Q: 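This structure is in structure tokens; I'll ask about it shortly.
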Amino acid sequence: MSWAFLRDLLSGVNKYSTGIGRIWVAVVFLFRLLVYVAAAENIWKHEHDEFECNIKQPGCENVCFDHFFPVSHIRFWALQLIMVSTPSLLVVFHVVYRENREKHHNQKLYKNPGKIDGGLLCTYLISLILKTGLEIFFLVLFYKLYNGFKIPQTVKCDIKPCPNTVDCYISKPTEKMIFLYFLVATSCLCIVLNLSELSYLMFKYSIKCYLKRHMKNQQ
């Protein structure tokens with residue numbers, strides 16, 4: 001899979017982000033996207049072929065694998081990366097809308113189309129809320145699908161067509177566990193960064209509104 005489109009998206013968003021937002025972009029790009037492409041994708045590349053059960057009953061391994069891994073980890077994280085990055089497009093689209101509006105009216109309507117204020121501030125806050133919500137949603141979904149953030153060495157399966165309870169073995173469980181913890185930790189870090197940026201922008205906007213009101217009262 002080519003991730004060039006996500007790289008370009010993050011690069012475009014970086015131009016209109018706050019300092020905390022740029023840290024979020026760096027974390028997503030360096031510690032999630034690059035780790036995913038360079039290491040995690042290869043570790044889970046042959047997860048189905050390397051899943052073995054101590055019985056050769058036709059169909060048993062496939063059914064057990066589908067039961068314990070309803071969604072491939074690697075595809076799950078790919079979907080998560082795409083979904084949590086998509087809300088940033090709202091900011092990019094809003095900036096493009098401002099630029100096109102200035103071209104249409106052939107005059108300067110904004111001091112800086114990319115400055116986070118007015119309607120763009122609302123769009124930016126909405127994108128932060130969506131990103132935070134999606135991060136939490138995917139963490140909870142992962143926990144529910146796999147009964148926690150763990151990868152056991154063996155799992156017991158008694159689903160038909162398996163004739164009895166069989167032991168199935170997962171390849172490289174320790175290595176997969178390390179990367180699982182790393183990816184979950186970076187996801188939690190992104191949630192903290194999004195909440196910090198959301199709080200910072202709301203606090204900054206509140207102070208700005210208070211000062212404006214105070215100045216009007218003095219006049």
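Quick caveat: nothing in here was measured; it's all calculated off a predicted structure. Below, each value reflects all heavy atoms present in this structure, side chains not excepted, and no hydrogens, waters or symmetry copies. Residue indices begin at 1 and follow the sequence shown.
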Q: Indicate yes or no: at least one non-hydrogen side-chain atom of Leu134 is less than 4.5 angstrom from one of Pro87.
A: yes
Q: Would you say that Leu201 contacts Leu128 through its side chain, given a criterion of any heavy-atom pair below 4.5 Å between the two side chains?
A: yes
Q: Would you check if the side chain of Asn54 reaches a backbone N or O of Asp167 as a donor-acceptor pair within less than 3.5 Å?
A: yes
Q: Can you see which heavy atom on Glu135 is nearest to which on Ser187, and at what distance?
A: OE1-OG, 2.8 Å
Q: Do Thr132 and Leu198 come close enough that some side-chain heavy atom pair is under 4.5 Å?
A: no
Q: If every non-hydrogen atom of Tyr124 is compared with every non-hydrogen atom of Gly21, which pair is closest and at what distance?
A: OH-CA, 4.2 Å
Q: Between Cys168 and Cys53, does the SG-SG distance stay under 2.5 Å?
A: yes
Q: Would you say that Val166 contacts Asp158 through its side chain, given a criterion of any heavy-atom pair below 4.5 Å between the two side chains?
A: no
Q: Is the closest side-chain heavy-atom distance between Arg75 and Leu79 below 4.5 Å?
A: no
Q: Is Val28 close to Leu81 at the side-chain level, that is, under 4.5 Å between some pair of heavy atoms?
A: yes
Q: Any donor and acceptor pair, going by atom type alone, linking the side chain of Asn194 with main-chain N or O of Cys190 inside 3.5 Å?
A: yes
Q: Can a side-chain donor-acceptor contact be found between Glu197 and Thr18 if the only test is distance below 3.5 angstrom?
A: yes
Q: Work out which heavy atom in Leu193 is nearest to a heavy atom in Ile20; give both atom names and the distance.
A: O-CG2, 3.5 Å
Q: May I ask whether Ile178 and Tyr181 are part of the same hydrophobic cluster, defined by side-chain heavy atoms of I, L, V, M, F, W, Y residues being less than 4.5 angstrom apart, directly or through others?
A: no
Q: For the pair Arg32 (side chain) and Leu183 (backbone), establish whether a donor and an acceptor sit closer than 3.5 Å, ignoring hydrogens and angles.
A: no
Q: Determine the minimum heavy-atom distance between Pro161 and Gln57, stating which atoms define it.
A: O-CG, 3.4 Å
Q: Around atom OH of Tyr169, are there more than 12 heavy atoms of other residues, nucleotides or ligands at under 6.0 Å?
A: yes
Q: Shortest non-hydrogen contact from Val84 to Lys131?
A: O-CG, 3.1 Å
Q: Side chains of Ile170 and Glu47: does their closest heavy-atom pair fall under 4.5 Å?
A: no
Q: In terms of hydrophobic clusters joined by side-chain contacts under 4.5 Å, are Val27 and Val184 together?
A: yes
Q: Quick one: do Ile136 and Leu125 end up in the same hydrophobic cluster if we chain Ile, Leu, Val, Met, Phe, Trp and Tyr together by side-chain heavy atoms under 4.5 Å apart?
A: yes
Q: Do Leu130 and Tyr200 land in one hydrophobic cluster if side-chain heavy atoms of ILVMFWY residues count as linked below 4.5 Å?
A: no
Q: Enumerate the residue pairs fulfilling ring pair (Phe, Tyr, Trp, His ring centres under 6.0 Å) with a member in residues 49-76, sequence neighbours excluded, ordered by first and then second residue.
A: Trp44-His73, His48-Phe65, Phe51-Phe65, Phe65-Phe69, Phe69-His73, His73-Trp77, His73-Phe142, His73-Tyr146, Phe76-Phe138, Phe76-Phe142
Q: Between Leu34 and Ile74, is there shared hydrophobic-cluster membership here, with clusters defined by ILVMFWY side-chain heavy atoms closer than 4.5 Å?
A: yes
Q: Does some side-chain heavy atom of Cys188 sit less than 4.5 Å from a side-chain heavy atom of Leu139?
A: yes
Q: Of all the heavy-atom pairs spanning Thr86 and Ile82, show the shortest one and how long it is.
A: OG1-O, 2.6 Å
Q: Supply the atom-to-atom distance Tyr97 OH to His94 NE2, rounded to the nearest 0.5 angstrom.
A: 7.0 Å
Q: Does the Ser199 side chain pair with the main chain of Leu195, one donor and one acceptor, at a distance under 3.5 Å?
A: yes
Q: Which value, rounded to the nearest 0.5 Å, describes the distance between Leu33 atom CG and Thr186 atom OG1?
A: 11.5 Å
Q: Kindly determine whether Cys157 and Cys162 satisfy disulfide bond (SG atoms under 2.5 Å apart), including the steps that lead there.
A: CA-CA 8 Å; Cys157 179; Cys162 300; 4.3 Å; no
Q: Working to the nearest 0.5 Å, report the span between CG of Leu90 and CG of Leu120.
A: 10.5 Å
Q: Rounded to the nearest 0.5 Å, what separates atom OG1 in Thr174 from atom CD1 in Ile151?
A: 9.5 Å
